[in-house]
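Below, read A as the first sequence line, B as the second, and so on, with proteins coming before strands; counting in each chain starts at 1.
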2 protein chains.
Amino acid sequence: METYDINQIKAELETKGIRPSFQRLKVMEYLHQHKNTHPTAEEIYAALAPEIPTLSRATIYNTLHSFSEHGLVNCMSLDGIETRYDMWIEHHGHFRCEKCGMIRNFPVKLGDLQMDGLEHYEIKHRNIIFTGICPDCTNQTKLEKGDEQ
Amino acid sequence: METYDINQIKAELETKGIRPSFQRLKVMEYLHQHKNTHPTAEEIYAALAPEIPTLSRATIYNTLHSFSEHGLVNCMSLDGIETRYDMWIEHHGHFRCEKCGMIRNFPVKLGDLQMDGLEHYEIKHRNIIFTGICPDCTNQTKLEKGDEQ
DNA sequence: TTCTATAATTAGAATTGTTCTATAATTATA
DNA sequence: TATAATTATAGAACAATTCTAATTATAGAA
């Protein structure tokens, strides 16, 4: 597990005008350590609760909202149930398998995207979400059908 | 309000193997009549309930799931709270204002989008969701700041 | 340091979109 | 018709999130 300099993270929050409380530093550290797994609020809570026994879910939600508003993280709902949080690195899309729920990042060149009619819109977050069936589940289905016949 | 031939809608469901019950026809009719407003399940329920007094929310949800599975509608969560349903017409993106909640469709050429690593993935739904501040809210903010000074 | 105002955190209740469950109604088919 | 399968219903249950009121932590002033 990659480790991050806590002072670096502290500075990151301070430049955005967010007071670097212990809880916020821990959430930010967790997000850095899980850059590509787009964790849920509950996952972050579960991971940090042992270390911070008094931790409240409300703090996690407050913190994530704050981070999102300040553009430190990107949030999205991939399944319509729970919200996931991603550290901004570069634009990428998300594919979610409707069968097994697996989520896969894929690179995307947003620059290629022609968009008309958004000239005066201040775009803060961009999400590209595809859903369908992943190769594993496709093969699984084929096998099952094969067995039946 | 545009009207649609009920027999056409009936045929549409039958070709997908969905039994065209009265409730399902009504939901599909509603979706056709509100192609660009991406209604929520609750909005559809509220609109149809007066006409079908015994209508249950569960029916709306069951119906929308069925439509989505059969590719008749596209569903997405724009705000992380409620799911919205869109008739597939052509690919378009959605912009949602974080202040006023306004949702705007914008044309998108998905063909331009370079995507690597999804070769064996069966993609059924594609959603492009941008969030930020709409021009009205941007102007509003400017005015308020101006008044203060 | 101590005081004060403000901001952050907490526990748990409340809310809300959605799903589940058991039953009733409808439809298809024998 | 009788029977089976599907669909619809009402309302309870559920789970992610937000809210509330009280407590704690912090920064800056005295």
Asker: Between B:H65 and C:dT19, is there a contact of a side-chain N or O with OP1 or OP2 at under 4.0 Å?
Answerer: yes
Asker: Once you round it to whole Å, what is the distance between P of C:dT19 and CD1 of B:I60?
Answerer: 13 Å
Asker: Assign each of A:R57 and B:G17 to its nearest nucleotide of DNA chain D by heavy atoms, then name whichever residue's nucleotide is nearer the 5' end.
Answerer: B:G17
Asker: Rounded to the nearest Å, what distance is computed from the CD1 atom of residue A:I52 to the P atom of nucleotide C:dT10?
Answerer: 7 Å
Asker: Got a salt bridge between B:E82 and B:R84, using NZ or NE/NH1/NH2 to carboxylate O under 4.0 Å?
Answerer: yes
Asker: Just the rounded figure in Å: distance from C1' of C:dT9 to OH of A:Y45.
Answerer: 12 Å
Asker: Hey, does the Lys NZ or Arg CZ of B:R57 hover above the aromatic six-ring of B:Y45, less than 6.0 Å from the centre and inside 45° of the axis?
Answerer: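 Judged by the rule (NZ or CZ under 6.0 Å from the ring centre, within 45° of its axis), B:R57 counts as positioned above B:Y45.
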Asker: Between A:R24 (CZ) and C:dT10 (C1'), how many Å, whole number?
Answerer: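 To the nearest whole Å, that distance equals 14 Å.
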Asker: How close do B:L13 and B:R24 get, heavy atom to heavy atom, and via which atoms?
Answerer: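 What the structure gives for the nearest pair is CD1-CB, 4.0 Å.
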Asker: Using Watson-Crick or G-U wobble geometry with both distances below 3.5 Å, tell me the partner of D:dA10, or none.
Answerer: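 Its partner is C:dT21.
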Asker: For A:Y61 and C:dT15, what is the distance between atoms OH and P respectively, to the nearest whole Å?
Answerer: 18 Å
Asker: Partner lookup for C:dT27, please. Criteria are Watson-Crick or G-U wobble with both distances under 3.5 angstrom; report none if nothing qualifies.
Answerer: D:dA4
Asker: If you assign each of B:A58 and B:E82 to its closest nucleotide in DNA chain C, which residue comes earlier from the 5' end?
Answerer: B:E82
Asker: With a 3.5 angstrom cut-off on both distances, give the Watson-Crick or G-U wobble partner of D:dT17, or none if there isn't one.
Answerer: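 Partner of D:dT17: C:dA14.
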Asker: Spell out, yes or no, whether B:Y30 and B:I6 are grouped together once hydrophobic residues are joined by side-chain heavy atoms under 4.5 Å, including indirect joins.
Answerer: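 Yes.
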Asker: Has B:H70 got more than 12 heavy atoms of other residues, nucleotides or ligands less than 6.0 Å from its NE2?
Answerer: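 Yes.
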Asker: Mind checking whether B:H92 and B:H94 have parallel, tilted or perpendicular rings, split at 30° and 60°?
Answerer: perpendicular
Asker: What is the nucleic acid contact for B:T40, judged by heavy atoms within less than 4.0 Å: base, sugar-phosphate only, or nothing?
Answerer: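 No contact at all - B:T40 keeps every heavy atom at 4.0 Å or more from the nucleic acid.
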Asker: Taking any heavy-atom pair under 4.0 Å as a contact, classify A:Q23: base, sugar-phosphate, or nothing.
Answerer: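 Sugar-phosphate, backbone atoms only, no base.
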Asker: Once you round it to whole Å, what is the distance between C1' of C:dG12 and CG of A:L55?
Answerer: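 Rounded to whole Å, this separation is 15 Å.
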Asker: NA contact type, B:S21, heavy-atom cut-off 4.0 Å: base, sugar-phosphate, or nothing?
Answerer: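 Sugar-phosphate contact only.
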Asker: Between P on C:dG17 and CG on A:D79, what's the gap in Å once rounded to a whole number?
Answerer: 17 Å
Asker: On DNA chain D, reading 5' to 3', which nucleotide is the first and which the last to sit with an atom under 4.0 Å from a heavy atom of chain A, could you check?
Answerer: D:dA16 to D:dC19
Asker: Tell me: CD of B:E42 to C1' of C:dT15, nearest whole Å?
Answerer: 14 Å
Asker: Assign the ring pair B:F106 / B:F130 to parallel, tilted or perpendicular, where the plane angle (0 to 90°) is split at 30° and 60°.
Answerer: tilted
